Structure formats: C-alpha cells, structure tokens
Amino acid sequence: MKEITRRKFIATTSLATGFALAVQPISAQAITTDAKGLVAGAVKIPVKDGEIPAYRAVPATGENFPIVLVIQEIFGVHEHIQDITRRFAKLGYLAIAPELFIRQGDVSKLSSIDEIRPIVAKVPDAQVLSDLDATVKWAVKSGKGNADKLAITGFCWGGRITWLYAAHNPKVKTGVAWYGRLVGDATELQPKYPIDIASKLTVPILGLYGGKDTGIPLDTVEQMRDRLKSSGNKSEIIVYPDAPHAFFADYRPSYREKEAKDGWKRLLAWFKKYGVS
C-alpha cells in the first residue's frame, strides 16, 4: 500500500467498520458491548495537517467525564478497540481511540500482518504524540471531558505508546500498558522505548505482561521494573506467568479469560487509586 499523500489524507479519513481483515476468523469468545445509554461512533480530530478519524464513546447524559485515551494494536481502530471504548463509557468515562496510522495506510483493510508491519514502521512517534495531544484537546473542547482526569491505556503497539505518552504529557494522571514492547533499537522515527524514559517518568503506570509472551522477553520486563524501582516511580508491573501475548484480545485465540478479567479489574482499581474515575 502506498503512503497516503497529505491531500488524500485529508480527503479520505475514515474509520474501520467491523474487525480488521488480518484477524479473521473472529473467536466465538469475542465480547460485544452495546451502545445503549451512550453516544458512540466516529468523530474527526483536527490535527496539524488535517483531520484524523477516531472512535468515541461517552454517556448520553452528563458532562465533565474522566477522559481515557484508548491506543490501538497494530490492527488499527477496529471493532475490538471500539468495543473497549464502549466498555469504558458504560462506566462513566469519555473514551476515545484515534486512528494513529491513517496517514501511512488503512491497516484494517490489509489481510496479513506481514503487510501491516511495514506500514506501522513508517509511523513517527512524534506524529503519534502530537495526534494524542490533539485528541485530548478535542475531548476537552467537546464539553464532555474533564482535563484534570486524564488517563491512557493501550495494547501491544499501544502499550509502548502508553508509556511514552505518559512521559510526554504532564497532564496524564495515570495509565495502563498492556504487553507493550519495552526495549528496542532506536530509529529516526522511533527514537525511544519505555526503558529510555523510565528513570524520568513521574506518572504512575501499571504494566500488564504475559509470562509466555514470545515477543517481549521477560528479562526486558525485569529491566523495566528495576529501572522504575531505582527511580522511585510508583509504577508497577504485573506478569501473568501462563499468559501469552495479547491475552486481553477476546476476539483472538490468544485470549485468556482469567488473566484478562483480572487485568481489567486491576486497571479500574488503578485508575481509581490515581483519581481517574
């Protein structure tokens, strides 16, 4: 897929419907959260070079809701990520998931992970952080979001971004990173990894990782834990010994119900502990 030009980017911003092609077939365990009592659907976020699509869910009545940024996996803002935003909205949050790859390509339409990886590799961290700043601004400007109660959570690719954005934006009160990569080789587009910002991180992040994750070595998880501890940060890392990568992804074979439910329970308690509920 060719990289989208600026002109085309502005003209074709749209949000995925259904599940990404690359994750078919969908597991029978996939959780479906309805939109009853919510305002849920696609919105457009003004950014520096145009607009990006996002999926937003918020209670239909009320205002001043805590804001949760929901950060996608490499498969984009497909149905699973959209469902997670509705789960948060049912609990009284304004949850929003911006489509952070759209300039580089629509990954939801690609049928294999080997096609997706080159697209994701072209996404600059600086662009992502800027887009998330714009998303927070939109949520507050909408009149529904409380700027003083801002949290972030992300999965896989989004797990790494959760750590980085918490270090980038001082208004973030807390976050939960689900199996995000912690250590890696720096590139021009992705110059830092969570291990690089750990000693300066002030925001308390809860990291949820799988002991049988073949993509994130346990020694890197321990490195991150030690770095956080030595800096006096209040962040914590939980490792589920028998869980693989993507154990929260209920639409995939990797889903582990016990660990996923425990992780969600811990997320909600963590948000409450740090004043985002």
Side-chain angles (χ1 to χ4, degrees), residues 43 45-49 52 54 56 58 63-72 84-85 88 92-100 123-155 157-178 180-184 186 189-208 223-237 266-277:
V43 296
I45 308 295
V47 292
K48 289 181 179 179
D49 54 350
I52 60 170
R56 168 278 271 116
V58 65
E63 57 186 17
N64 215 35
F65 299 109
I67 300 167
V68 182
L69 298 172
V70 180
I71 313 303
Q72 66 206 61
I84 291 169
T85 69
F88 276 118
Y93 291 89
L94 187 166
I96 186 162
E99 179 53 83
L100 298 167
V123 181
D125 286 347
Q127 171 189 294
V128 172
L129 300 179
S130 177
D131 285 352
L132 289 174
D133 286 342
T135 302
V136 173
K137 184 177 180 181
W138 182 94
V140 174
K141 195 174 180 181
S142 74
K144 295 289 186 179
N146 184 343
D148 296 323
K149 292 188 174 185
L150 173 62
I152 182 171
T153 191
F155 305 84
W157 181 88
R160 172 179 171 268
I161 295 300
T162 295
W163 291 101
L164 296 181
Y165 191 69
H168 164 79
N169 185 350
K171 293 184 178 180
V172 174
K173 293 188 73 84
T174 191
V176 177
W178 300 77
R181 196 174 177 195
L182 297 166
V183 177
L189 297 182
Q190 294 94 30
K192 291 184 179 180
Y193 279 78
I195 194 77
D196 301 314
I197 56 88
S199 61
K200 295 179 284 188
L201 184 67
T202 59
V203 177
I205 300 295
L206 176 64
L208 301 173
Q223 286 177 46
M224 185 70 176
R225 184 182 271 149
D226 291 344
R227 190 73 60 90
L228 291 165
K229 202 174 290 182
S230 64
S231 66
N233 186 272
K234 294 179 180 178
S235 296
E236 294 179 18
I237 293 180
R266 287 177 183 272
L267 176 150
L268 296 177
W270 189 262
F271 280 9
K272 184 175 182 180
K273 179 179 180 179
Y274 290 102
V276 186
S277 64

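Everything quoted here is computed from the prediction, not taken from an experiment. Side chains included, hydrogens not; waters and symmetry mates left out as well; all remaining heavy atoms used.
Using modelled atom types, no side-chain atom of Y165 and backbone atom of V128 make a donor-acceptor pair closer than 3.5 Å. No side-chain donor-acceptor contact under 3.5 Å links S130 to the backbone of Q127. Side-chain atoms of W270 come within 3.5 Å of backbone atoms of P204 as a donor-acceptor pair (strictly under, hydrogens ignored). Although no hydrogens or angles enter the test, the distance criterion places no donor-acceptor pair under 3.5 Å between the side chain of D226 and the main chain of Q223. Between the side chain of R160 and the main chain of T162, no donor-acceptor pair closer than 3.5 Å is present.
Closest approach of W157 to V123, counting heavy atoms only: CZ2-CG1, 4.4 Å. Contact between I197 and A167 at its shortest, heavy atoms only, is CD1-CB, 4.0 Å. Closest heavy-atom contact between P98 and L132: CG-CD2, 3.7 Å. The two residues D125 and K192 come nearest to each other via the heavy atoms OD2-O, 3.9 Å. Among all heavy-atom pairs drawn from V70 and I84, the shortest one is CG1-CG2, 4.1 Å. In terms of heavy atoms, V183 sits closest to Y193 at C-CD2, 3.9 Å.
Residue K137 places its NZ atom among 12 or fewer non-hydrogen atoms of other residues, nucleotides or ligands, all under 6.0 Å distant.
If you run side chain to side chain donor-acceptor pair (under 3.5 Å) between D133 and each of K171, K48, H168, only H168 comes through. Considering V136, V47, I45 in turn, V47 is the only one that fulfils the side-chain contact (heavy atoms from CB on, under 4.5 Å) rule with D131.
The side-chain heavy atoms of L94 and V68, taken from C-beta on, include no pair separated by under 4.5 Å.
Between F88 and F271, the angle of the ring planes stays under 30°, which puts this pair in the parallel group of the 30/60° scheme.
Atoms CG and CD1, from L100 and I52 in turn, are 5.5 Å apart once rounded to the nearest 0.5 Å.
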